[in-house]
Amino acid sequence: MHPAPSVIVFTVLSGIGFGFLAFVAAGLLPVSGWGAFFVWGLGYGLAVVGLGASTFHLGNPQRALLAFTQWRSSWLSREAWASVVTLLVLAPMALSDWLGLGLPRGIGWLGAGLCLLTVAATSMIYAQIRAVPRWNLWTTPLLFLAFALTGGALLAGREVLAPLLCLGLAAALITTFLLGDQQFVRRGANLGTATGLDRIGAASVFELPHTGGNYLMHEMIHVVGRKHAMKLRVIAVICGAVLPAALVLLPGHLGIAFAVLVHLAGAFAARWLFFAEAEHVVGLYYGARG
Amino acid sequence: MTMLPATTEKKLGLVIDLDTCVGCHACVTACKGWNDQGYGVPLSDQNPYGADPSGTFLNRVHSYQVQPVDAAPQTINFPRSCLHCDDAPCVTVCPTGASYKRAEDGIVLVNEDACIGCGLCAWACPYGAREMDAAAGVMKKCTLCVDRIYNENLPEEDREPACVRTCPTGARHFGDLNDAESAVSRLVAARGGYDLMPEMGTRPTNKYLPPRKKDRPDQASLLAPLLDIKATGFAGWLDRMLGKI
């Protein structure tokens, strides 16, 4: 699949944003006054910038509000609702922390749960697609949630929880890579089933339908960068999970800043791979595996 | 809207005969021609006369080679377009309700006025049936020529999809696959019409008819046994000698 920058920025930033908001909302990063203003502002900022980036992926963004209409069937629509409802539910908690209104923390816990639901809904946009076997697996929601929680814990500077979540993220990444590699074959689609010609023999591509490129080939038969996949996997695990686990233990805010920046670099590498490595079954018609 | 109808009254679709298709691409051209001026925005081209032309098409004809176990390889021309699936994954993923399947005839359509161009439906389709129009930013797909098949301004023989109307070999058939007595249903039954990628669980309406069994050289002629010529005379002697070395 084509790794569109807008979608990578959307999923990475909204993921860490909602993950961080979950920690702040649950009271795991006790803040008050202007400190609260900036901490909540950072969470809202990451989430909103991420959500905003997604509109750059649209051909007609002026109609984006219509995406709220089909929540009964569409995960993209559910994600839109979940993100907006979450940000609205968290608003009183943020104001309460900033202005010292003393509202019950229960609102924050509800909001924290909604944050995780939002991330889960984002992951389901991809996990639901049967035509991309690598995504169509329980590891996709697991990976998105692991990134959100780890990024959130790192930003919140949780010195015990963050390294533990980093280990969990490393495990989630490796599981996703290993199981994902088998998914295409396990799904059972090949040129024989795609054309039905397996009935008479072994099929291979004789000639493409056109000499130029097209939308399908550009969007779904992306092959650039796969040769570096192994290196990027290592970068994703080391930068996304291993290094931040150590960096977050450094004293002061500098350690947190380093940990988060290195983690984000790993998260972007991992999310780029998430798209670039995913093979769409339509590639079969073009003689590619995707 | 993007909930799929439980059942549809009719199941209009295509039956494509891989035995008779000669790969002339007339259906591709007819489809592009009609849909340049029919339903929704025209199918645009990018850089059509330049070094790197591309464009939006709703129907593309691939060519494959098939190697049977015990016979000569065959070339199969393979038109690929929307299959108007019963369980169309492109419809349910749509966040805006632009994608829908009609309860009356099962045609899967895009309401372009509601399409935000997110591309998720194209990702959800295993068959590559949907292409985003690069000029208009909305999703295009086969409409089964919904603006022809019910169009009373056209002569009756033209009230079928442009690809079917134009096919010079009669490799494309249009009809109601819900009606067991329709010509297309009988064709599917007689020729063993099949679904593409059944493992995707999409339950396509369109069916493909497999190539017929080809004649084998030894069955091709009553005279075939006589063609098994044995060398005689000097050539026969040479054949036997060389065989012994």
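By convention in this document, chain letters (A, B, ...) are assigned in the order of the sequence lines, proteins followed by strands, and residues within each chain are numbered from 1.
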Could you pull out the closest heavy-atom pair between [X] and [Y], with the gap in Å?
X: B:S54; Y: A:G213; answer: CB-O, 3.4 Å
X: B:P126; Y: A:A131; answer: CA-CB, 3.8 Å
X: B:P95; Y: A:L76; answer: CG-CD2, 3.5 Å

For the [atom1] atom of [X] and the [atom2] atom of [Y], what is their distance to the nearest 0.5 Å?
X: A:M220; Y: B:C125; atom1: CE; atom2: SG; result: 8.0 Å
X: A:S73; Y: B:M3; atom1: OG; atom2: CE; result: 6.0 Å
X: B:D133; Y: A:Y215; atom1: CG; atom2: OH; result: 11.0 Å
X: A:I200; Y: B:Q67; atom1: CD1; atom2: CD; result: 10.5 Å
X: A:H57; Y: B:L120; atom1: NE2; atom2: CG; result: 9.0 Å
X: A:T195; Y: B:Y194; atom1: OG1; atom2: OH; result: 6.0 Å

Flag the pair [X] / [Y] as yes when at least one side-chain heavy-atom distance between them is below 4.5 Å, and no otherwise.
X: B:E199; Y: A:R130; result: no
X: A:V281; Y: B:M197; result: yes
X: A:V205; Y: B:Y64; result: yes
X: B:V28; Y: A:H210; result: no

Segment of [X] engaging chain B (4.5 angstrom heavy-atom cut-off):
X: A:I129; value: side chain
X: A:L216; value: side chain
X: A:A202; value: both
X: A:Q128; value: side chain

- Spell out, as yes or no, whether a donor-acceptor pair under 3.5 Å connects the side chain of A:Y286 to the backbone of B:H62.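 Side chain of A:Y286 to backbone of B:H62, a donor-acceptor pair under 3.5 Å: no, none is there.
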
- Query: Distance-only, no hydrogens or angles: does the A:N60 side chain make a donor-acceptor pair with backbone N or O of B:G137 under 3.5 Å?
  - Reply: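 At least one qualifying donor-acceptor pair exists.
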
- Message: At a heavy-atom distance under 4.5 Å, which candidate from A:T55, A:L58, A:V132 has the highest pair count against chain B?
- Response: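 With the most close heavy-atom pairs to chain B, the winner is A:L58.
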
- Leading residue by heavy atom contact count with chain B [cutoff under 4.5 Å; candidates A:A194, A:G192, A:G287]: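 Ranked by heavy-atom pairs under 4.5 Å with chain B, first place is A:A194.
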
